[in-house]
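Within every chain, numbering begins at 1; the chains are lettered A, B, ... in the order of the sequence lines, protein sequences first and strands thereafter.
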Amino acid sequence: MQGIEIKNLSYTYSKKTPYEKLALDDVSLSINEGDFIGILGHTGSGKSTLILHINALIKAQTGSVKVMDIDLTQKRPKPDLKRLRTEVGMVFQYPEHQLFDDTIEKDIGFGPKNLKLPADEIKQRVRESMELVGLDYNDFKDRSPFDLSGGQKRRVAIAGVIAMRPKILILDEPTAGLDPEGKEHILTLITRLKAEISPTVIVISHDIDEITRFATRLIVFNKAKIAFDIPMTELFKHEKELVAMGLEVPLAVRVARSLRSKGIELEGNITTPHDLENAVVDYYNKKHFDDKLNSPTNSVSITSNIKNNASGENLSIAYSDNSSATPNDNTISEKEVLR
Amino acid sequence: MRDIAFGQYYPTGSPIHRLDPRAKLIFSLLYMIFIFFAKSYLVYLTIFTFIAVTTLISRVPFRAVLKSIKVVLILLIFTGMLNLFMYRDGNVLAEWWIFRITDKGIDFSIKIMLRLAFLIIGTSMLTFTTTPTEMTDGIEWLLTPLKYIKVPVHDIALTMSTALRLIPSLMEETDKIIMAQKARGAAFDTGKIHERAKSMIPILIPLFVSALRRADELADALDARCYNATPHRTKMKKLSFSYRDAIAFLVLAALICFIMVDAYHFITPDTSIASGLDYYLVEWIKSLIAK
C-alpha cells in the first residue's frame with residue numbers, strides 16, 4: 001500500500017484536566033497515492049491534529065494509523081519513525097519560524113544531514129531543492145536565512161522539507177501571512193512539487209478559493225469529525241452545508257449562483273474560476289450565435305477576463321458589443337453580482 | 001511539555017477562587033512564615049486538616065495538588081535524609097562513619113519533610129486558585145508603599161504579567177519547533193551528551209528569535225496604545241475585600257494562634273522528645289494507662 005489508512009482515530013488534548021478538549025472524534029480516512037487533497041475547517045476542528053498523527057508527532061490514543069507500509073500504532077516491533085519522516089514531509093504553519101542555521105545551505109541541509117547522507121549527496125539535494133523553490137543556489141547558499149524577506153524565508157523553509165524527498169507532502173496553511181505575490185509563488189510551487197517530488201500532497205487551508213484552484217479532493221472538518229469528503233467537482237452540491245458550518249463558499253460557486261438567479265443560464269458544474277470562465281464564454285458564444293441569427297449584420301466580440309487573485313476581489317466578466325455606436329462595456333463585478 | 005502542574009491555574013469558581021487576590025497573597029505569606037513555628041504533631045495534624053479542608057472547598061482535585069509535590073519530591077527526600085543522618089542531639093540509635101541516627105533526628109527529619117510538603121501544597125493552592133493577572137494585581141497593591149520612594153511599581157507589575165503571559169505561548173512555540181525539527185529527522189534523545197546538547201541548537205535559536213520578535217511586537221503595541229501617556233492609570237477590575245476575606249482571615253488567625261500557643265505556652269522538659277502539646281497528650285495517655 002502506498003497511501004495512508006486511518007481508522008477510528010480519536011484524540012483528546014489535556015486529558016483529565018479542566019482544559020480537556022476533544023480534537024478528533026472517531027475519524028476514519030483513506031488517502032491514496034497521487035491524491036491532491038485540500039483540508040478545510042475552522043480553527044480547532046481537528047485538521048492539524050490529524051496531520052500530526054500522520055507524521056507520528058503525536059501518538060494515537062485510540063484507533064490506528066498506517067502510512068505506506070508503516071503501522072504507526074503497532075507496539076512491537078516499534079514503527080520505523082526515521083523512515084516515516086523521510087517518506088512524509090511536513091511544512092508547518094509559518095515554517096520560517098523554524099529556521100536556525102547561519103547559512104541557507106546549512107539550514108536546508110539539516111534534514112538530509114540527519115539522514116546521514118554523504119556530503120556530496122546533501123549538497124546535490126540542497127542545490128535541487130533551492131532551484132525548485134526558485135532561489136538561485138550560488139546567489140543564496142551562503143546568505144543568512146534571517147536576512148531574507150518573509151516570502152523568501154518561507155521558500156527556504158519549504159526547501160528544507162523537500163530536501164528530504166518525501167513521497168507525501170503535508171502543508172499547514174502554506175500561504176498564511178504572505179502578500180498576494182508571495183501567495184501566488186507558493187501555490188505555483190506546490191503544484192510543481194506535486195509533479196516533480198511528492199506524488200501525494202495534502203494542504204490545509206482556511207481559504208477555499210485557494211484550495212479549489214488545485215486540489216482534486218476536498219475534506220471538510222467540523223467539530224472533530226469529517227463533515228464530508230468529496231471530489232472537488234462535487235463541491236457545488238455542498239454549498240448549504242458549508243454555509244451552515246460558517247465556512248466560505250468558493251467565489252466561482254457564488255458568482256455562478258448569482259448569475260443563474262439573474263437568468264443567465266450557465267451550464268455545467270462550476271467550482272473553480274476556470275470552470276466559471278468557460279461557462280460564461282460558452283454562454284455568450286451561444287448568445288452571440290443566437291444574436292447573429294437574429295441580426296446577422298452586427299458583429300459582437302466577447303472578452304472574458306476572470307482573474308481570481310489572492311484577495312478574491314478582482315473578478316470581472318466583460319463583454320463588449322460592437323454593434324452599438326459606443327462600445328457597450330458591460331462589466332459585472334463581484335459586488336454587483338452578489339447583490 | 002504542557003503537563004506542568006505546579007503553578008497552573010485550575011478554574012472551578014469556588015469561594016477560595018473568589019477571595020481577594022491581595023488577601024490570598026497576605027494569607028499565603030503568613031501561612032509560609034508561621035508554618036515554621038509548628039512544633040507538635042498535633043499542630044501538624046491541624047495544619048493538614050486545614051489544607052485538606054481548603055482543598056475540598058476549592059474543588060481542585062487532590063490528584064492535581066499531589067502532582068505539585070511530585071515536582072519537588074526528590075528535594076524533599078534529600079532534605080529528610082540529610083537531617084536524619086546529620087542530626088547530632090538525642091539518644092543515638094545507630095552510628096556509622098560520620099552518619100548518626102538519633103531519636104530526635106528521626107523526629108526532626110519527619111517534621112522538616114512535613115513542613116516543606118505543607119509549604120509547597122499551600123503555595124500551589126495559591127496558584128491553583130488565582131489567575132496570573134489577579135496575582136500581579138495583588139502584588140502591585142502590596143508594593144504600593146514603594147511608589148513613594150520612586151519605585152516604578154506599575155511597570156514592575158506589567159513586566160511580571162507579560163512574563164507570565166508569555167510562558168504558555170513560548171511553551172507552545174517550543175512544542176511546535178520540536179515537532180518541526182523532528183519532522184526533519186532531528187533526534188533529541190540519542191547520542192552522546194555533547195551531541196545531545198548540540199541537538200538543542202535547532203530548537204533554542206528559533207525560540208530566542210521568536211521571543212525577541214514577540215517582545216518587539218508587544219512593545220510596539222504598547223506604544224501604539226499610548227502606554228504611560230497618563231501618570232495615573234485606572235484599573236479595569238477594581239479589587240475589593242469582602243466578608244469572605246474576613247472569614248478566611250479569622251480561620252487563618254485561629255490556626256496561627258494555635259501554632260504559637262503550642263510552641264511557646266506549653267513548655268516541655270528537655271529530657272522528652274515529645275514537644276508542645278504532644279508531651280501533655282503523651283503524659284495524659286500514660287496516666288490513663290496507669291489507672
Separation of [Y] [atom2] from [X] [atom1] (nearest 0.5 Å):
| X | Y | atom1 | atom2 | result |
| --- | --- | --- | --- | --- |
| B:M179 | A:I58 | CE | CD1 | 6.0 Å |
| B:I205 | A:D101 | CD1 | CG | 7.0 Å |
| B:I203 | A:F100 | CD1 | CZ | 10.0 Å |
| A:Q93 | B:K176 | CD | NZ | 5.5 Å |

Considering residues, nucleotides and ligands other than [X], do more than 12 of their heavy atoms fall under 6.0 Å from its [atom1]?
| X | atom1 | answer |
| --- | --- | --- |
| B:L212 | CG | yes |
| B:F78 | CZ | no |
| A:H185 | NE2 | no |
| A:F146 | CZ | yes |
| B:F241 | CZ | yes |
| B:L250 | CG | yes |

With side-chain contact (heavy atoms from CB on, under 4.5 Å) as the test, would you mind laying out the steps for B:R184 and A:R85 before giving the verdict? CA-CA 7 Å; B:R184 290 167 75 187; A:R85 282 165 190 164; over 6 Å; no
Could you have a look at A:K82, A:H97, A:M90 and say which one has the most heavy-atom pairs with chain B under 4.5 angstrom?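 Answer, by heavy-atom pair count under 4.5 Å with chain B: A:H97.
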Can you check whether anything in residues 105-117 of chain A gets within less than 4.5 Å of chain B, heavy-atom wise, and list it by number?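 Contacts with chain B: A:D107, A:I108, A:F110, A:G111, A:N114.
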Sort by residue number and list every residue of residues 149-173 of chain A having at least one heavy atom under 4.5 Å from chain B.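 The list, in residue order, reads A:G160, A:M164.
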With respect to chain A, which residue among B:A180, B:P202, B:S210 yields the maximal number of heavy-atom pairs within a distance under 4.5 Å?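 Of the candidates given, the most pairs with chain A belong to B:P202.
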Heavy-atom side-chain proximity of B:Q181 to A:Q98 below 4.5 angstrom: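 The answer is yes; the side chains approach within 4.5 Å.
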Between A:L81 and chain B, with a heavy-atom cut-off of 4.5 Å, which part of the residue counts as in contact: side chain, backbone, both or neither?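 For A:L81, there is no contact with chain B at all, as no heavy atom is under 4.5 Å.
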Shortest non-hydrogen contact from A:F92 to B:A183?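 Looking at all heavy atoms of both residues, the shortest contact is CE1-CB, 4.3 Å.
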